[in-house]
Amino acid sequence: MSKSLIDSAYTNTPKIYSGDETFCIENYVQPHAIEKAIDIKDDETLFIFPLNYSEVLPEEAFNEVSKRLREIGSRTLLFLNHIEEIIWHIDGQESGNYIRDIRLGTNHSHKKVFVISNVGEQTVDEEWLIFEKPLPLNTTNDPNLKVEVAFKIDKGKNDKEIIVPVKDSKLIVFFPTEKPTYLNFLIQGPYRTTPNRENIPSEDKQNEIIIKETAELVAQTISVVKELGHLDINFLNVLPLESAHCESEPIYYYIFQKVKEKFLADEELLPTHNGRFAKAEDVLLARGPLTEIFDNDDIRFLFSKKYWLNTGITEARTRELRDYLKMELQVKEVEYPDFAKMVTADFFTRKNDEWMISFYKSLLDQPSLWEEKTHSRKGGILRTKPIIRLENDSHIAPFNESGDIQAYLPTGYKSEYPTVKKLFIENEGAFDFLKNLGLCHPDSFDEIIKFTLPKYHKEQGEQEIDDEEYFNDFEKVLTFFNETDSEKKKKDLISKLSDTLFILSNKDEVVMPKEIYLNDINLQQYFEGYDSASFVSKKLHDRFQGKRLKDFLKELGVREVPSHIKFNPDLSEKEKTRLRNNNYRTRDVDQYDFDLDGLEN
């Protein structure tokens, strides 16, 4: 301290009182004994600096020294071995003190240091986590010398202790120097400095060893910080992350490299989304809300990785850390398009319906993945991925490579077309996605003509069609007939049904509409005992009650009254003559007669 005041040119005659030694220094270097005029304890040393430098007025010197006393700061005590407190008083003005309290950690692996600064009525307290590492004996002649690193501790959410960055960090050689380290924490060591303490000679062999030992210490502290519960995003942000400083600052370079080696080693040090820790080779960075949809099992299946990194690591909030993980630790960052490229039917088969609903809802915010191709953009990749779960729980792509639809929204009947599982249209968010994707209900008329009616054509022969399938087919046809607005399609349907074995009879066989009677009580009484007549099955009436069934059957030509049966009377010549009133001169004309069905009964 005397040297600082002498260099600052505030005094010409500093005086020192220490035990039996009392002397004054003149002309910077010439000590001479002086009378012991002040009583001090044996273990005390007193320095007196008269403000008598000829080129600086005493008042000016007084003000400058006073200012410096106020600015010493409590951090000055952090790395000192024997000074616990500094007390100062400025004549006629305020007084203050700086205090240090040390608490050793478990197994002496670290220590917590509390420093308090009291300047006038203002109090500032800080908490530090300090680690140390003895220097090799061949580095210095003093076996007690060591390197140290100090991380500042503050309070985060819910008063949880977190490690926070230190601004404008300077290298400390017992006391702060003027050399910036560009680190977010403090490092201290017995470096050899330039006389003005503004730098350290980089070519100095001892300094090089101390730098490397400091780098080793910083890397080692990461494991201890994990044990102490401080290894989180806050701590990661404090570590050296910017490679740009490596070119200009050797201290930063060595620490940067050692920390990087530590993370790439076989130790789980990166915080994950589920509160655990993992190695760099086992993690993925998520961009967007992926962790809400895809779990650790999913990323194992698709990317052969084990964990998501903590989702607090984002471009917006922790850009430097994110870039460090990607560039230096080679952690892959994935976003929705990456998943879209990788998903398969096997992947979706593993997921339950609730997950599929969440997946569909999330895709509403990712339109670029599924929107239709236009002249200005490509079609979304998911349009041809098997993202649609069908009613039978299989998966299919919504569209083929040509853009043709391959899956449809469910109908009120069992469709022959692939249809989305009904559960998904009952959820508003999932249904919104499916509609926006472009799915629609299948064209009922096309389905009836293409799939339904061919099963009942004569040329198909007898087919095994159970009741459930038949009634589903009938519901399909009946619903279309009653709901279509197209008269043309309705007429076409009637025309095709007229020659189709489609109406179930009371004899449990399907017949053409013109071959069967309505299930009417009057008709049944009329044909009672006449086994040749067939009536519409009671099963149909029970299943499809109401006017819509009767109107449909009548439109098809199902008989409402006994039908007229056309026949050739095949009359004899005698009968013909009698009918001609015995007139033999008329010529024969082919004539047909009609009988009433069931009349003979």
Side-chain angles (χ1 to χ4, degrees), residues 157 160 162 222-223 225-227 229-237 239 241 260 262-319 321-366 369-370 381-382 385-389 393 395 424 427 429-430 433:
K157 291 182 178 179
K160 182 182 183 296
I162 60 173
I222 299 175
S223 299
V225 167
K226 176 185 174 183
E227 294 175 5
H230 292 308
L231 182 48
D232 55 17
I233 296 177
N234 299 295
F235 177 71
L236 295 181
N237 276 319
L239 295 174
L241 305 176
K260 178 179 175 180
K262 181 75 171 179
F263 281 122
L264 291 176
D266 193 28
E267 191 172 352
E268 296 177 338
L269 295 173
L270 294 176
T272 66
H273 175 56
N274 60 356
R276 303 178 62 180
F277 294 90
K279 294 180 286 188
E281 64 184 28
D282 292 333
V283 295
L284 285 176
L285 268 171
R287 188 161 190 171
L290 291 177
T291 56
E292 299 173 9
I293 304 297
F294 302 99
D295 60 22
N296 291 335
D297 289 337
D298 296 333
I299 61 177
R300 286 190 185 96
F301 188 90
L302 296 175
F303 296 97
S304 300
K305 299 294 183 179
K306 295 181 179 180
Y307 305 103
W308 286 116
L309 274 180
N310 189 300
T311 53
I313 303 172
T314 66
E315 183 176 19
R317 289 181 286 181
T318 58
R319 183 168 187 170
L321 174 58
R322 167 184 165 272
D323 291 347
Y324 175 83
L325 291 166
K326 292 174 60 179
M327 303 300 295
E328 302 297 334
L329 304 188
Q330 301 300 303
V331 174
K332 180 178 176 61
E333 182 180 52
V334 296
E335 42 194 328
Y336 248 117
D338 299 298
F339 272 90
K341 294 174 185 176
M342 299 296 292
V343 290
T344 62
D346 287 342
F347 171 78
F348 288 116
T349 302
R350 300 165 56 249
K351 313 304 288 185
N352 59 33
D353 290 337
E354 288 72 23
W355 185 91
M356 291 298 298
I357 288 173
S358 298
F359 175 64
Y360 289 152
K361 290 164 71 174
S362 73
L363 289 177
L364 285 170
D365 296 324
Q366 308 294 328
L369 298 181
W370 48 264
I381 188 173
L382 290 181
K385 287 283 188 173
I387 64 172
I388 301 301
R389 177 167 291 176
D393 287 326
H395 281 262
F424 301 134
N427 180 276
F433 164 69

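No close placement of the Phe277 and Tyr307 rings is indicated, their centers lying 6.0 Å or farther apart.
Here Leu329 contributes atom CG and Glu281 contributes atom CD; the two are 11.5 Å apart, rounded to the nearest 0.5 Å. The CG atom of Asn427 sits 12.0 Å away from the CE atom of Met356 when rounded to the nearest 0.5 Å. Here OG1 of Thr314 is found 12.5 Å from CG of Leu309. Values are rounded to the nearest 0.5 Å. If you take OG1 on Thr291 and CG on Leu285, they are separated by 11.0 Å, rounding to the nearest 0.5 Å. With values rounded to the nearest 0.5 angstrom, Leu270 atom CG is found 8.0 Å from Leu231 atom CG. In this structure, CG in Leu236 is found 9.0 Å from OG1 in Thr318, a value given to the nearest 0.5 Å.
Between the Tyr336 side chain and the Leu363 main chain, no donor and acceptor come within less than 3.5 Å of each other.
Aromatic ring orientation, Phe294 versus Phe347: tilted (interplanar angle from 30° to 60°).
His273 and Thr311 get closest at one heavy-atom pair: ND1-CG2, 3.4 Å. Taking both residues in full, the closest heavy atoms of Glu333 and Asp338 are given as O-OD2, 4.0 Å, listed atom of the first, atom of the second, then distance. Leu264 and Ala280 make their closest contact through CD2-CB, 4.4 Å (heavy atoms, listed as atom of the first residue, atom of the second, distance). Residues Leu269 and Pro271 share a closest heavy-atom pair of O-CD, 3.7 Å. Listed here is the closest heavy atom pair of Pro386 and His395: O-ND1, 3.3 Å. Across Ser362 and Ile293, no two heavy atoms sit closer than the pair CB-CD1, 3.8 Å.
Ion pair Asp323/Lys326 not flagged as a salt bridge, since none of the NZ, NE, NH1 or NH2 atoms sits closer than 4.0 Å to an Asp/Glu carboxylate oxygen. The pair Glu268-Arg276 fails the salt-bridge criterion, with no side-chain N (NZ, NE, NH1 or NH2) lying under 4.0 Å from an Asp/Glu carboxylate O.
The side-chain heavy atoms of Lys306 and Lys279, taken from C-beta on, include no pair separated by under 4.5 Å. Here the side chains of Phe301 and Asp297 are not in contact, with every heavy-atom distance at 4.5 Å or above. Considering only heavy atoms from C-beta on, Arg287 comes within 4.5 Å of Arg322 through its side chain. Side-chain contact between Met342 and Val334: absent, with no pair of heavy atoms (C-beta onward) separated by less than 4.5 Å. In this structure the side chain of Phe263 never reaches within 4.5 angstrom of the side chain of Leu325, judged on heavy atoms. The side-chain heavy atoms of Lys160 and Asp232, taken from C-beta on, include a pair separated by under 4.5 Å. A heavy-atom distance below 4.5 Å is not found between the side chains of Leu290 and Ile299.
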Practice item. Quick one: do Asp298 and Lys351 satisfy salt bridge (Lys or Arg N to Asp or Glu O under 4.0 Å)? Show the steps, please. Key: CA-CA 10 Å; Asp298 296 333; Lys351 313 304 288 185; 2.9 Å; yes
Practice item. Check the pair Ser223, Glu267 against side chain to side chain donor-acceptor pair (under 3.5 Å), reporting the backbone distance first and the verdict last. Key: CA-CA 9 Å; Ser223 299; Glu267 191 172 352; 2.6 Å; yes
Practice item. List the steps, then state whether side chain to side chain donor-acceptor pair (under 3.5 Å) holds for Asn274 with Thr272. Key: CA-CA 5 Å; Asn274 60 356; Thr272 66; 2.4 Å; yes
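When each of Phe339, Phe348, Trp370 is tested with Phe359 by the rule ring-ring contact (aromatic ring centres under 6.0 Å, His included), just one qualifies, namely Phe348.
Judged by a 6.0 Å distance limit and a 45° cone about the ring axis, Arg389 is not positioned over the six-membered ring of Phe424.
Few gaps surround CZ on Arg300; more than 12 heavy atoms of other groups in view lie less than 6.0 Å from it.
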